2 protein chains.
Amino acid sequence: MKRKITLKHIARELDVSISTVSKALKNSEEIGQDTKEKIQAFAKLYNYRPNNIAISLKNKRTKNIGVIIPDIVHHFFTTVFRGIEQYANNKGYNVIVCVSDESFDKEVINMEMLANGSIDGFIMALAGETQLKNDFNHLKEVTEQGIPLVLFDRVTEDVQCDKVIINDEEAAYQAVKKLIASGRRKIALVTTEGYLNVSAKRAEGYFRALKEHHLPIDKDMILELPYQKDNEKKSEEFFRNRSIDAVLCVNEIFAVKCMGIVQRSGKRVPDDIAFIGFTDGILSRLSTPTLSSVDQHGELMGETAARMLIEKIERDHDQEEEEIFQTRIISATLVERESTLGSLK
Amino acid sequence: MKRKITLKHIARELDVSISTVSKALKNSEEIGQDTKEKIQAFAKLYNYRPNNIAISLKNKRTKNIGVIIPDIVHHFFTTVFRGIEQYANNKGYNVIVCVSDESFDKEVINMEMLANGSIDGFIMALAGETQLKNDFNHLKEVTEQGIPLVLFDRVTEDVQCDKVIINDEEAAYQAVKKLIASGRRKIALVTTEGYLNVSAKRAEGYFRALKEHHLPIDKDMILELPYQKDNEKKSEEFFRNRSIDAVLCVNEIFAVKCMGIVQRSGKRVPDDIAFIGFTDGILSRLSTPTLSSVDQHGELMGETAARMLIEKIERDHDQEEEEIFQTRIISATLVERESTLGSLK
DNA sequence: TTGTATGCGTTATCAG
DNA sequence: CTGATAACGCATACAA
């Protein structure tokens, strides 16, 4: 077992000082040609690599960024993560991921753990519980310490930092308009229980489109589903007892589940009912029929967040100018597939 | 902006030495009660937290583990990652993820980056390219340096280390037996192009079941699909020109795609053709019909890998006993759903 | 009971 | 051209 070699080993072996070795390996002009060559050759032979931890301690920069997301199995977050990871890696940063599991406590613990020197900045989407509690002190503490923070998707106005979101309201509005244009009039909304934040904005877009076309807004046409658990019965009951010709769902899972229920009850998609979901993932592409879906461009979102964060990290050290926080809005786009094909009647 | 406070700050402020502060905060018996209280109160007031980096440098342990996977958007890897993250976090470890993107070069670069002190051990699944190249020097270097390594799912016999895999051959065998027991005789296999390793083992199980029941093994009944790209035409052609009454697919994406193709061509699942896939993910649960699928227990796999790794990390430092490497085999289980309901004829 | 010195691996400054 | 020294933040063996 050949342990990692350090500057000290090289110095001792070659009978020079540590600082000479350090400089020689950086190809410093100060060092004589022959000494440099000798040292570089030795270093290469023993495959010397500087120790990241020591460099971090010295530079007070870790080249790590911390990502805290509510759930890694969720396709949207996975996609965002991919965007982050790719961009960050290109820039020489590594990514430490923590999953909050929608729990406030875990989010706090994870943040504190990472904030003590492990990372140069955070990218995160708030846990559901955090949004409910409306307690953002852990975020504020971090920013007050001067650690850059970028929020994406699940954001809050209570914290001053960079943000990346999509135009949820507008995207939902456009989706519903599309449904109306194809002759649908009885349009239901399937959303999350106690729908917050993102879901709420999508609901607003839904309402706006209905209003604009003088269609009635009926709370009875809104189905609220628990976030992670199954609730087939509630959904079945909903569709059984209502006359519905189109549905907007706040995610693709709800959409695909509801399409299944509706089809099993003998109705046809899109002939009898059209469906549009959010999150254009693998489910949308592979369901039968394929699902029209709002693409949230997760990868772009992640890349954008990473770019904003790294800019801030690398600027931070230069000058202490007035902090400017930006909110980037990414335009969602509707991907039309079979579930909205053709007009009604 | 209140910067992070250090032992030195506290020492200066309270006019004591750094080591006194250090000991006081560890509640050492050496320090006088009153000094301890004074120091602890001050530390709490200013929310002192030890710097992770400094501790890492001192202890030569980072409490980070590195995970390198080919793809984070793939459901199976995501699930494994979740198992790793949960277990590691419980044990006080953070997880740094790098995505190799199936590329040999990226895998090497990522490993080298992390191996220079950033992590205490690796968990990884080999990139497709790495398996093709059969070049594992980067893995060997790491293990030679004494960095613990656990491989999962995509493993190789060329590297001496801990491994976690599932009984792919047996699972495929059982799946095909089940198909045969329900009266199916013309059973196709859909696998990855140049099917390696995992896919190869599943193919072996498929062959074994056929042989055991004296069914013909026909290369023409095997469809090879590119890993990530679409190839609808090839699949359509395959199913159009063959008489098939059951299909085993090496992943759920292939299965769902093929079910779609078959259904669009007018055949019925499972009445005319039964389907079984691997990777029991969201697609299997939400496709129409729902897909019978081999559950690889990704989360358990991740947890197991993390447990093995952390055990090794924490033992490593004790004694220099003879290294023992284990291979844990996780039993896959077939989850039966609509796509295999009932017998043929 | 408290403080000093040393080291973890590296870099930067300054002296020789 | 080369080397000694200090510093990053912390822990600890050893003095006082």
Side-chain angles (χ1 to χ4, degrees), chain A residues 3-40 42-43 46-64 114-120 145-147 317, chain B residues 3-40 42-43 46-64 113-120 145-146 317:
Chain A
R3 277 247 156 267
K4 269 271 160 199
I5 197 175
T6 71
L7 289 184
K8 196 201 274 191
H9 294 136
I10 302 183
R12 200 156 36 202
E13 213 66 33
L14 264 41
D15 209 50
V16 290
S17 82
I18 294 182
S19 43
T20 304
V21 178
S22 175
K23 286 172 190 161
L25 292 178
K26 298 202 114 63
N27 227 324
S28 159
E29 292 306 326
E30 300 182 41
I31 307 295
Q33 198 53 40
D34 38 354
T35 350
K36 274 206 288 202
E37 277 168 16
K38 187 177 61 176
I39 292 175
Q40 286 171 0
F42 188 92
Y46 286 94
N47 194 31
Y48 169 79
R49 293 274 180 278
N51 180 309
N52 291 332
I53 299 293
I55 292 182
S56 294
L57 184 59
K58 183 114 251 286
N59 298 346
K60 303 180 145 231
R61 321 230 349 251
T62 61
K63 285 271 187 179
N64 286 156
L114 296 181
N116 300 316
S118 297
I119 50 90
D120 296 336
Q145 278 172 38
I147 302 179
H317 278 254
Chain B
R3 275 250 157 263
K4 268 273 161 197
I5 197 172
T6 72
L7 289 186
K8 199 200 274 188
H9 295 137
I10 303 183
R12 200 156 33 201
E13 213 66 33
L14 264 40
D15 209 50
V16 290
S17 84
I18 295 181
S19 52
T20 306
V21 179
S22 176
K23 288 170 188 163
L25 291 178
K26 299 200 113 64
N27 228 324
S28 160
E29 293 306 324
E30 297 182 40
I31 306 295
Q33 198 53 42
D34 38 353
T35 0
K36 273 207 288 202
E37 277 167 16
K38 188 179 60 176
I39 292 175
Q40 287 172 359
F42 190 93
Y46 286 95
N47 193 32
Y48 169 79
R49 294 273 180 279
N51 180 309
N52 292 332
I53 298 293
I55 293 181
S56 294
L57 185 59
K58 179 121 252 290
N59 298 346
K60 299 177 149 237
R61 319 226 353 250
T62 61
K63 286 274 187 173
N64 286 156
M113 202 160 172
L114 295 181
N116 300 316
S118 298
I119 51 89
D120 297 336
Q145 279 173 37
H317 278 252

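All values derive from a computational prediction rather than experimental measurement. Here is how names work: the chains are called A, B, and so on, in the same order as the sequence lines, proteins then strands, and each is numbered from 1. Because only heavy atoms are used, hydrogens play no part in the values below, and waters and symmetry mates are left out as well, while side chains stay in.
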Spacing of A:Lys38 atom NZ relative to D:dT2 atom P, expressed in whole Å
8 Å

A correct 5'-to-3' footprint of nucleotides 9-16 of chain C, with B, S and - meaning base, sugar-phosphate only and no protein heavy atom under 4.0 Å, is BBBBBB--

CD of A:Gln33 versus C1' of D:dT2: gap in Å, rounded?
15 Å

Test side chain to side chain contact (heavy atoms under 4.5 Å, CB included) applied to B:Glu37 - qualifying residues, sequence neighbours left out:
B:Gln33

Partner set under side chain to side chain donor-acceptor pair (under 3.5 Å) for A:Lys36, not counting sequence neighbours
A:Asn27

Whole-Å gap separating P (D:dC10) and CG (B:Leu25)
10 Å

Gap between atoms NZ and P, on B:Lys4 and D:dC8 respectively (whole Å)
17 Å

Within this structure, what is the CD-to-C1' distance between B:Glu37 and C:dT2, rounded to whole angstrom?
17 Å

Go through the steps to decide whether B:Thr35 and B:Leu14 satisfy the test side-chain contact (heavy atoms from CB on, under 4.5 Å), and finish with yes or no.
CA-CA 9 Å; B:Thr35 0; B:Leu14 264 40; over 6 Å; no

By side chain to side chain donor-acceptor pair (under 3.5 Å), which residues pair with A:Asp34, not counting sequence neighbours?
none

Angle separating the five-pair end axes of the helix from C:dT1-D:dA16 to C:dG16-D:dC1, nearest 10°, is 70°

Side chain to side chain donor-acceptor pair (under 3.5 Å) filter on B:Asn64, not counting sequence neighbours, yields none

Is the distance from OP1 or OP2 of D:dC1 to the nearest side-chain N or O of A:Thr35 less than 4.0 Å?
no

Nearest whole angstrom, please: distance from the P of D:dC8 to the CZ of B:Arg3.
14 Å

Please determine whether a side-chain nitrogen or oxygen atom of A:Thr20 lies at a distance below 4.0 Å from atom OP1 or OP2 of D:dT2.
no

With salt bridge (charged side-chain N to carboxylate O under 4.0 Å, His left out) as the rule and sequence neighbours excluded, what pairs involving residues 13-23 of chain A come up?
A:Lys23-A:Glu30

Which residues pass the side chain to side chain donor-acceptor pair (under 3.5 Å) test with B:Arg12, sequence neighbours left out?
none

Rounded to whole Å, the CD1-P distance (B:Ile31 to C:dT4) equals 13 Å

Ring pair (Phe, Tyr, Trp, His ring centres under 6.0 Å) partners of B:Phe42, counting only residues at least two apart
B:Tyr46

Starting from C1' on D:dC8, measure out to CD1 on A:Ile53 and report it in whole angstrom.
13 Å

Does the side chain of B:Ile53 come within less than 4.5 Å of A:Lys60's, by heavy atoms?
no

